[in-house]
Amino acid sequence: MTHRGISLKQAIVFPVALLMALIIAILTYIEHVGHQQLATEISQKMLKVTVKNTETKLDAFLDAPFQANRVMADSIRHIIELHPANDLEDIQSYLLQAYRKLFVHLPQMSAMGFGDAQGNYVGFRKENDEQLTLLLKDRRSGFNLIGYQGIESSDPQRFSINRYDPRQRPWYLVAKELGKSTWSSIYFNVDEHEDITITTSTPIYLNDKLVGVTASDIQLEQFNQKLREQQRELGGLLYIMDDHGKLIAQSMSGSITTHQHNENLPRRRIYAQASKNPIIQTSAQFVANQDDRYFTDHFQFTIDGVRYYGNVFDFGARYGLNWKIITIFSTDDLLQQIPDMLSTTLVSGALIAIAGLIIGLVIVSRITDPIIKVSYAARSLARGVWKQELQQPSQIRETNMLVNAFNEMSQKLHHSFNQLRQQLLFDHLTGLPTREGLIEHVQRNPYRGQVTLVLIGLNSFRTIKDSLGHLIGDQLLLEMQQRLQQNLPAASELARVGGDEFAICLFDDALNLPSEGVIQSLVQLFNTPFVLDQQEEILITARFGIYQTEQTDQSDVPDWLNKAGLALTTAKQPQSAGIERYHAGLSQKTVDETRMLSDMRQALRRNEFSVFFQPVVNAQDETVTGAEALVRWHCPRRGLVSPAQFIPLAESSGMIIDLGYWILEDACRQVAKKISQEGWRDDFNLHVNLCVTQLGQKDFISQLQAILQRSGLPAKNLTLEITESRLMTQDLESMQVLHQIRELGIGLAIDDFGTGYSSLAYLNQLPFSCLKIDRSFISQLGQDKAHQTIVNAVINMSQGFQCQLVAEGVETAEQRDILRELGCQSIQGFFYAKPAPFTNWPQILVAQCVLQQNRLFESNQTEEESALD
């Protein structure tokens, strides 16, 4: 049924759009005349005025003492010319008169004095009570610097400093170095006050010879007072810092030094970035982080919601100073009464917005009531209440359309949910319950008694699907389902819980025979081939994971499946007989492996792994020609961990990639250092084990090249070892990577040769340069003629392939002699040395006697090495 009326869009959008347009117009106007724009405009003007005023006043503040000190230097020069042999008495009189004349006009001067080239000094200091006191070091003071309580050397002493030498003071040194009037760096006085001071000094020369330096001090507190005057006049905040970022002066209260009240700690100047004032701290950080190439003198920042505007300018270049004066104003400083002026506008806008909002809410609520009802119904629908019938409540066309669409959607969702539930609970191919279906079935049908859960995992099922096709794989699963169902007792439940996994839940007390008999019959089912399409016979084996429980709480079914899965995982391991029953040790093993894997990741970050090297020895002259790199892990908590424990875990978890790269780079770096810096033979060959997982990495070749470049090891000195059994399973792409390795000049060794049962035709296709005979053959030499025949055949084969041959696991002299007689090229094993760090190796490797090697290795072996055995 069609209902006429206004559209929902018109009914809602028009009043809301009108309301929002009104609010946006008000906000736009307020923003146009608001704080930020006004503050930006005013800040630029205020900062310019403040900068100019501050620069002018500080320049005058420094220039007057600077010029006065130069005049004083000229006068003292004349005195020295007239009385060259006189002591400092005439200069003392002159300084006293000069200071009294300058005192009224230069209140910033705290002291003035003269130090001669012989280390004598005379000067006057202004005290807190505005009185002058004498500072003297010459024969009258016993050549100690003495501060008197008056202006005569006969007055009582205020302080005394031994071994004072004005020639070592900053003001003297800088004037002597530059040879002209200048300002010194900021320093602490040596008197009892230890005030922080800056000095203008002028060198005095007679006949091109330095005879002394005049100095006029200004305490930095005078700068603070000057900046405070500026702040009172113009507002804002000002501070000065040097090119190292240390505070020189500030208009705010507070000290620019630390430890000023602690006699046990030295006083230090504060960095502006470490100031307790957050405004100074933040602005100093901004200035310090500025890139000189894009430096701007204007900046802004916000603290606690208040915006601040700043300006930085360089000051003091003509005095030899490298200071920065920073001026900062807050929005409140700049705008002052403007917020009050804007309050009326803001109140008016707020009242209009509130009135419009109330009107809009009334209108919108009348329109949206039906939509709200739909939303409540949708919420109930999401909770699984499918029967939701809504009435058409209004004259708005779109609202009625929404209600009709909702009713139709709820019906379709109900139908779709039932379909999805079927797909979730039942396998689409076999029709058997899925993992979720099995859990729900057992939970809905509680059973009291012993329950046996059997997981069946098919061996090589993926290979069958890939080789014979997915259709054959599906047929095989259906045949397997039929065979299982025909041989299962009634008191059981069959499910397909994975692509190649079935689960059987046996309710033991309801079985006609014990569950053990049922399990044996299941095992025997796989002894007969499966016939597909009455012609294709496929024999497939299986592994079994079993979990039994006496519990009656059916909510634990997911836990049963997990435990049976642990047992199945163990059953799939090569050393297993194919049937594994769950026991607590399996869970603990999983927990232990998880913890060890976490410890391994931490160990890699903490550099707990180390590389040991076992020598590869020339079988004929018994010289060391190379070494195999072997990783060791000494965990602070676990102690020395056997590689047999952590290497398989690293491979299964994928961590072997990062660990393998680390081993390779560390070993290459150490060998390259031995060759280049310690004169080891240029053809020294490093063997490093390579995991096939690393071989499959797309960037392996580029990583390998980068490691060689960083370590400096030539490619010809490196051989990568790959286990024969792993090599046989590699695809064409991995074989191409092996050829790329050889093209780099790196050797390739087939490790544990003889255990992989590779055909000679396949072996001929591999780009190897070395064969390593497995230790299982070497250990039987001298005891078993068959093994000796095999070793002899491998040696002859290596000669035909023109590759290097290394015999691993040589532990006795008899084994060495046999290998030597058979013509084996290289030998590796405990007979010569156990793996050890290079620090425990002989210093001379070339032509090193085997006896010396053994003796040195044995002497350096520790309890750590015996643990490795």
Could you tell me whether a side-chain N or O of [X] sits under 3.5 Å from a main-chain N or O of [Y], the two making a donor and an acceptor?
X: Gln108; Y: Phe61; value: yes
X: Thr202; Y: Ser181; value: no
X: Asp658; Y: Met655; value: no
X: Tyr271; Y: Ala284; value: no
X: Asn289; Y: Gln285; value: yes
X: Asp699; Y: Ser702; value: no
X: Lys126; Y: Tyr99; value: no
X: Thr182; Y: Leu178; value: no
X: Lys137; Y: Tyr164; value: yes

Polar contact flag, side-chain donor to acceptor under 3.5 angstrom, [X]-[Y]:
X: Asp666; Y: Gln670; value: yes
X: Tyr239; Y: Ser275; value: no
X: Thr197; Y: Asn189; value: yes
X: Thr199; Y: Asp217; value: yes
X: Asn144; Y: Ser160; value: no
X: Ser153; Y: Tyr148; value: no

Determine whether [X] and [Y] make a side-chain contact, defined as any pair of heavy atoms from C-beta on separated by less than 4.5 Å.
X: Ser201; Y: Val174; result: yes
X: Arg140; Y: Glu89; result: yes
X: Arg158; Y: Thr133; result: yes
X: Leu96; Y: Arg100; result: yes
X: Met241; Y: Ile326; result: yes
X: Phe159; Y: Ile146; result: no
X: Ile328; Y: Leu238; result: no
X: Gln300; Y: Arg307; result: yes

Taking all non-hydrogen atoms of both residues, which atom of [X] and which atom of [Y] are closest, and how far apart?
X: Tyr172; Y: Asp116; result: OH-O, 3.7 Å
X: Ile151; Y: Gln92; result: O-NE2, 3.7 Å
X: Arg77; Y: Asp74; result: NH1-OD1, 2.8 Å
X: Gly113; Y: Leu95; result: CA-CD1, 4.0 Å
X: Asp165; Y: Gly119; result: OD1-CA, 3.8 Å
X: Glu665; Y: Ile707; result: CA-CG2, 3.6 Å

Under 6.0 Å between ring centres, would you say that holds for Phe286 and Phe299?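 Phe286 vs Phe299: aromatic centres under 6.0 Å.
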
What's the spacing between [X] [atom1] and [Y] [atom2] if we round to 0.5 Å?
X: Asn120; Y: Arg139; atom1: CG; atom2: CZ; result: 10.0 Å
X: Asp63; Y: Thr200; atom1: CG; atom2: OG1; result: 9.5 Å
X: Ser110; Y: Ile198; atom1: OG; atom2: CD1; result: 11.0 Å
X: Ile303; Y: Asn277; atom1: CD1; atom2: CG; result: 8.0 Å
X: Glu55; Y: Phe315; atom1: CD; atom2: CZ; result: 7.0 Å
X: Phe114; Y: Met72; atom1: CZ; atom2: CE; result: 9.5 Å

Just wondering, are more than 12 heavy atoms of other shown residues or ligands nearer than 6.0 Å to [atom1] in [X]?
X: Phe301; atom1: CZ; result: yes
X: Glu81; atom1: CD; result: yes
X: Asp129; atom1: CG; result: yes
X: Arg70; atom1: CZ; result: no

The test is side-chain contact (heavy atoms from CB on, under 4.5 Å); show your working for Ile196 and Ile186 and say whether it passes. CA-CA 7 Å; Ile196 185 168; Ile186 298 172; 3.4 Å; yes

Before you tell me yes or no, could you show the steps for Arg710 and Gln705 under side-chain hydrogen bond (donor to acceptor under 3.5 Å, both in side chains), namely the whole-Å CA-CA distance, both residues' side-chain angles and the distance that decides it to 0.1 Å? CA-CA 9 Å; Arg710 288 195 297 268; Gln705 291 174 314; over 6 Å; no

Output yes when Lys324 and Asp243 qualify as a salt bridge under the 4.0 Å nitrogen-oxygen rule, no when they do not.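 No, this pair does not count.
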
Pair Arg125 + Glu130, salt bridge at N-O below 4.0 Å: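 Salt bridge between Arg125 and Glu130, a charged N being under 4.0 Å from a carboxylate O: no.
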
Stepwise side-chain contact (heavy atoms from CB on, under 4.5 Å) check, Ile240 with Gln250: CA-CA 6 Å; Ile240 307 173; Gln250 59 184 8; over 6 Å; no

Can you pull the salt bridge (Lys or Arg N to Asp or Glu O under 4.0 Å) pairs that have at least one residue in residues 174-188, sequence neighbours excluded?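 For residues 174-188, and leaving out neighbouring residues, there are no salt bridge (Lys or Arg N to Asp or Glu O under 4.0 Å) pairs at all.
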
Would you please classify the geometry between the Tyr121 ring and the Trp171 ring as parallel, tilted or perpendicular, with 30° and 60° separating the classes?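 The rings of Trp171 and Tyr121 sit tilted, inter-plane angle from 30° to 60°.
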
Evaluate side-chain contact (heavy atoms from CB on, under 4.5 Å) for Tyr308 paired with Ile279, printing each intermediate quantity in order. CA-CA 8 Å; Tyr308 294 87; Ile279 301 175; 3.5 Å; yes

Report the C-alpha separation of Phe188 and Arg269 in whole Å, then their side-chain angles, then the decisive distance to 0.1 Å, and conclude whether the side-chain contact (heavy atoms from CB on, under 4.5 Å) test is met. CA-CA 10 Å; Phe188 288 97; Arg269 292 170 57 205; 4.3 Å; yes

